[in-house]
Structures are given as C-alpha cells and as structure tokens.
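Predicted model, so just to flag it, every value in this text is computed and none were measured.
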Amino acid sequence: MAEFLTPQSEDFSKWYNEIVLKADLADYSPVRGCMVIKPYGYTLWERIRDELDLRFKETGHVNAYFPLFIPMSFLEKESEHVKGFSPELAVVTHGGGKELDEPLVVRPTSETIIGHMYSKWIQSYRDLPLLINQWANVVRWEMRTRLFLRTTEFLWQERHTAHATEEEAVEETLRMLGVYTDFCVKEAAIPVIPGRKSESEKFAGAVASYTIEAMMKDGKALQSGTSHFLGQNFAKAFDIQYLDEKNKQQLAWTTSWGVSTRMVGAVVMTHGDDQGLVLPPHLAPIQVVIVPIWRKNKERGAVLEAAKQIKERLSKLVRVKLDDREGFSPGWKYNDWEMRGVPLRIEIGPRDIVKQNVMVARRDIPGRDGKMLIPMSEIEGRIPAMLETVQDAIYQKAKDFRDGNVRDVETYDELKEAIQTGFARAWWAGDREDETRVKDETKATVRCIPDEQPGGSGTCVYTGKPATEVAIFGKAY
RNA sequence: CGGGGCGUAGCGCAGCUUGGUUAGCGCGCACGGUUUGGGUCCGUGAGGUCGGCGGUUCAAAUCCGCCCGCCCCGACCA
C-alpha cells in the first residue's frame, strides 16, 4: 500500500503538518503565521466550543462580546501584563487614512478592556460575582507558528470573573480548572494533569496560574487550558471597586481563564496514528460514515436504498454521513474516512442486504480486528453504544500511554533521561533562576506543580534543598 | 534574529552540474467507458509569467547578483 502520511515514528512534526492539511482541518493563509480553518476543522472546533459553552452556562456564566481594539494605554496600566505582552502586540496606528492620536492594539487577551468595563459596571457587592465569557479571536505576534498549536491569530474563549473575596476568586479559578479537566477527559478523551504553573511560566499579571497539561504522542507536553487567579492586580489597575455590606469601598478579586483552538491540535496529537486522525466520538464532526458497496450496476439501487434507510434511522441518534460519491472504490473511501478520523464506519453491500447485516468497523482498531457484523435491526441500539466504547477505549489508550511515560525520578540525570520520552516527576524547591538553568541545560520546563501530590517531603532534584512538592517536567510545545 | 532546506501545472517532484527543439513525470482535475467487499483500469483533454527584478549570452528554468516568500530546527510564547 502506498504511503499517504509520513509515519509518526519517522518524523512526528512532519506527520502533524501533513495530517492537518490532508484531513482538511486547515490550510496555510497568504499571511505568514495565520491559518484558514477549513469546514471540517471548524466543525471540530464548534463541537469543542459547544461542549465548553454548555459547561460554562451550567456554572452560571453568560456570554458577551468585547471589542477587538484596545487603547495602548490600557495595556500599560498593569506593569507585568504589558511587559509580558508588548513583544507580541499587533498595533494599529492609522484609521480612516489618518494617524490615530493613540495607537490601538489588537487584543492579545482582554483582561484590560474587560477590567475597564467591570469598573464601570461594578458598584456594590450585590453586583458580584460578575461572570462573563466571550468567544473571540486574539492576535499574538509569535516568532514561530504552527497550525493550531501557535498561530498569529487564534480563536478562543476567555472568561473573566470578579469576586468580593479572595477565597471566592481562588475557588472560581480552581473550579474552572476542574471544568476544563472534565471536558478534556469526558469529551476530548485526553488525560490531563491539572496543576499550578511555576513562577516563570505563569500569566503576565497573575498572582497564580493553573494549567492542564497533556502529553502528546511524541512525549511532549501541551498546555491545553489555563486558569488564572489575578488577585487584585487588575482591580487596582482598573479601579474595580465595590461597596460592601458595611458601606466600605473594597477592591474586587478577579480571575481569567481560557481554552483556544490549540485544543484541536491536542486532539490530533493525542489520538492520531499513521493512518491519520482518530477523533473522539463526542467531538467528531462525523461520528458514523456509511460506505455502500456494489459490484454490478443492478445492485446499486438496492444497496443505496438500504444505505439511505440506515442513515435515516441513525441520523436521529448520531452524526452520520452517507458517502455515495461515484467513482471511488469502497477501499478508497475506507482509507479516506480513516484519515479523517471518523470513529465508526458502516459497510453495506449486496451480501449484507441478503443476510440483513451490516459490517461495522472501528477506527481505533485497525484492520479486521476492528470489524464486526451486526444485524440491521439492531443498529439503533448498538451504534450509539459502540461510539461510547470507542470514546472510552481511546481515552484509556491515551491514559496508558501517558502513565507509561511519566517517570518518578530522584536524580537530575534520571530527569534528563525521562524527558527524552515523556515527563519526569520530581521533588522541586527551585526558584525562577533554577528553572531557567534547568531549561537551558535540559530543554525541559516545569510543566506544573500537579494538584495530586504524594504528600510528605523530599529532596529537590536540582538544588538538593528540602522540598515539599513534586513538579512535572517535560519538553513543551 | 541565527542555522538548514525549498520555490518549475491544484499537489508532489524531475530537468539545472555541462545554457540550445514545442519544459517533462506521477497524483489530482474534466469528459467517455470500465469497475467497486481495503487506495480499479483504459482512453481523451484542460492546466505553466519555471518565485520576482536585473545582469551575462546569438540563446537562460539552467550561469551571476540582488530581492521576496514558504517550511523545518533554535531563542520567545496559549
């Protein structure tokens, strides 16, 4: 069989680029660093978006929209924030043919403009908490870009909240990390390690950043969502104050958190194989594809009719597509849909019609092993259940892979070895400078201080100092 | 910004070293037929400022100079 894709083992990076293009997720744009998200990729993003949005609304949030342009001076109000973002800002200096009095930045994130608005909207403790989410595009002028993983413009959701007390804001920050974790596990079938960001990795302007870290199939880490406790930093900068029950002015506590189109890349690199994408059934734009088969022209009508009926019956339950394209052999279609990661394929031909069966093939199990005959009368009962089986199976597979590539290490040498193929977990008591040195020496960074701690204490893998926490180290995207 | 690679049909490439017919090949695309249980076969056809500009030459895809763009690796980042 001819090779359609560079095998992952040969060049993972090349595999990724090829599959994103070939599966029609995205295409390069004429503008450097930007991408066009094609319908198939966008539908996948819509599925991610819808699932997250549902969860946001369940946790009491509403959607709104804030403008793309932000006055430059807003960014400058929070010193850490501007320091972090200024190297990657796109700045508009002209409008309507005239130079602007004040340059506008294209939002790299919206803490500042939302902070400004919140200060207007929040007067009393009765206005709190304020919980607003927006789905938007943002622009960060990155030096090096990759489809979905890091593009100059990307889509995301950013949710910004303001609270009366520190406890409530911290609770919100952590609660949402839980929501992201739940989404990743249940919908994207991606095992993640939730935890706290180290000093040097945290968000510009945050008191503390939290993250969910996922392991890609090449052993590298992908930060797949972040949640920030902003303390009163932005409340101070934007004067977000409220009157409490005792008629005293108080500064609010704010949080922000986001998930981006990078999640698409995470799905691709967590589940994909040498045949192409493997999409989790809960997010797959097409969950079941029906491929009709006929030998002679006179068989065509009956097969197509049966295929249509199956589609009709299934379409009430799942996202199903009938591939009735002419001029492509069934084998060609099998490969095509496998490349696109469709979780289940139903093959139906003359033999099946006689026996009232259909052949169902699982994307996650290649070849004959993944095929089974099921009676046509049972498809409504069996297909949705099989989708759940696939969903669970690919999660378990990803989790086994992840767990098999996280090593507990005690020495620096062991750490260096472990991060060649995955993550290292080690006692850690280093500061910002230690982190930088570790990065320079190993190319790996502290991905997070995981929520799940062994307890007790140990010796820091780098400094040798007593440590009370373990950290996850890995090479990152 | 440093290092590497590349730019010839929609995609992937050959041709360039050693300048010389009408610039080829595979895939894809269009049409006709054949076929379809794991990437069918045959035929016909459309499609090119050879990345751009300049130079050398009787003659440039090919040699020289400058520029532009893209991809990969590194420094920065969700």
If we take the P atom in both B:G12 and B:G51, what is their distance in whole Å? 14 Å
Contact class for A:K371 (heavy atom, under 4.0 Å): base, sugar-phosphate, or nothing? base
Across all strands shown, which nucleotide pairs with B:G38 by Watson-Crick or G-U wobble geometry, both distances under 3.5 Å? none
Strictly by Watson-Crick or wobble contacts shorter than 3.5 Å, is anything paired with B:C25, and which nucleotide is it? B:G12
Which part of the nucleic acid does A:P350 contact within heavy-atom distance under 4.0 Å: base, sugar-phosphate only, or nothing? base
Measure from CH2 on A:W337 to P on B:G38 and round the result to the nearest Å. 19 Å
For B:G48 and B:C25, measure between their C1' atoms and round to the nearest Å. 15 Å
Checking A:W294 now: which residues fulfil ring pair (Phe, Tyr, Trp, His ring centres under 6.0 Å) with it, not counting sequence neighbours? none
Starting from P on B:C72, measure out to CD on A:E18 and report it in whole angstrom. 11 Å
Does any N or O donor sit under 3.5 Å from an N or O acceptor when you compare the side chain of A:R345 with the base of B:G38? yes
Using a cut-off of 4.0 Å on non-hydrogen atoms, how would the nucleic acid contact of A:L149 be classed: base, sugar-phosphate, or nothing? base
Of the candidate nucleotides B:C72, B:A75, B:G37, which contains the atom at the shortest distance from the side chain of A:R351? B:G37
With both distances kept under 3.5 Å, what pairs with B:G2, Watson-Crick or G-U wobble? B:C73
For B:A59, the nucleotide meeting Watson-Crick or G-U wobble distances (both under 3.5 Å) is none
Round to the nearest Å and state the distance from A:W141 atom CH2 to B:C1 atom P. 14 Å
Cation-pi check for A:Y477 against A:K220: NZ or CZ below 6.0 Å from the six-membered ring centre and within 45 degrees of the axis, yes or no? yes
With C1' as the reference atom in both, quote the distance from B:U57 to B:C68 in angstrom, rounded to an integer. 26 Å
Let me know the distance between OH of A:Y16 and P of B:C72, rounded to the nearest Å. 11 Å
From B:C72, B:G38, B:A75, pick the nucleotide closest to the side chain of A:Y28? B:C72
Within this structure, what is the CG-CH2 distance for the pair A:L344 and A:W337, rounded to the nearest 0.5 Å? 14.0 Å
Take atom C1' in B:G69 and the same atom in B:U8, then report the distance between them in whole Å. 16 Å
For residues 265-291 of chain A, which residue pairs qualify under ring-ring contact (aromatic ring centres under 6.0 Å, His included), counting only residues two or more places apart or in two chains? none
Does anything in residues 299-312 of chain A form a side-chain hydrogen bond (donor to acceptor under 3.5 Å, both in side chains)? List the pairs, not counting sequence neighbours. A:R300-A:E326
Taking the side chain of A:N335 as heavy atoms from C-beta outward, which of B:G37, B:C72, B:G38 is closest to it? B:G38
Please state the P separation for the pair B:A14 and B:G5 - nearest whole angstrom. 15 Å
Which residues satisfy the ring pair (Phe, Tyr, Trp, His ring centres under 6.0 Å) test with A:F74, sequence neighbours excluded? A:H116, A:F238
Does the ring centre of A:F85 sit less than 6.0 Å away from the ring centre of A:F203? yes
All N/O pairs under 3.5 Å across the protein-nucleotides 28-36 of chain B interface:
residue	atom	partner	partner atom	Å
B:U36	OP1	A:R295	NH1	3.3
B:U36	OP2	A:R295	O	2.4
B:U36	O2'	A:W294	O	3.1
B:U36	O2	A:F328	O	3.3
B:U36	O4	A:W294	NE1	2.8

For B:C76 and A:K439 - does any side-chain N or O of the residue sit under 4.0 Å from the phosphate oxygens OP1/OP2? yes
Gap between atoms NZ and C1', on A:K475 and B:A75 respectively (whole Å): 16 Å
Length of the NZ-C1' vector between A:K443 and B:G74, whole Å: 7 Å
A:D53 and A:R49 ion-paired at < 4.0 Å: no
Look at all strands and tell whether A:T211 reaches a base, only sugar-phosphate, or nothing, counting heavy atoms closer than 4.0 Å. nothing
Roughly how far apart, to the nearest Å, are B:C72 and B:C13 at atom P? 14 Å
Counting the atoms with a prime plus P, OP1 and OP2 as sugar-phosphate, which does A:Q223 contact under 4.0 Å by heavy atoms, base, sugar-phosphate, or nothing? sugar-phosphate
Pairwise P distance, B:U49 and B:C11 [rounded to whole Å]: 12 Å
To the nearest Å, give me how far apart CZ (A:R146) and P (B:G74) are. 10 Å
By nearest heavy atom, map A:Y477 and A:K333 onto RNA chain B; which one lands nearer the 5' end? A:K333
NA contact type, A:T151, heavy-atom cut-off 4.0 Å: base, sugar-phosphate, or nothing? base
A:R319 side-chain N/O to A:A284 backbone N/O, donor-acceptor pair under 3.5 Å: yes
Just call it for A:D352: base, sugar-phosphate, or nothing, with non-hydrogen atoms closer than 4.0 Å on any strand. base
Whole-Å distance, A:N17 CG to B:C6 P, equals 18 Å
Taking a pair to mean Watson-Crick or G-U wobble geometry with both distances below 3.5 Å, B:U44 pairs with B:A30
Kindly write out the residues that satisfy ring pair (Phe, Tyr, Trp, His ring centres under 6.0 Å) with A:F56, not counting sequence neighbours, or none if the list is empty. A:W257
Sort out the partner of B:G65 for me: Watson-Crick or G-U wobble, both distances under 3.5 Å, none otherwise. B:C53
Integer angstrom distance from the C1' of B:G28 to that of B:G19: 33 Å
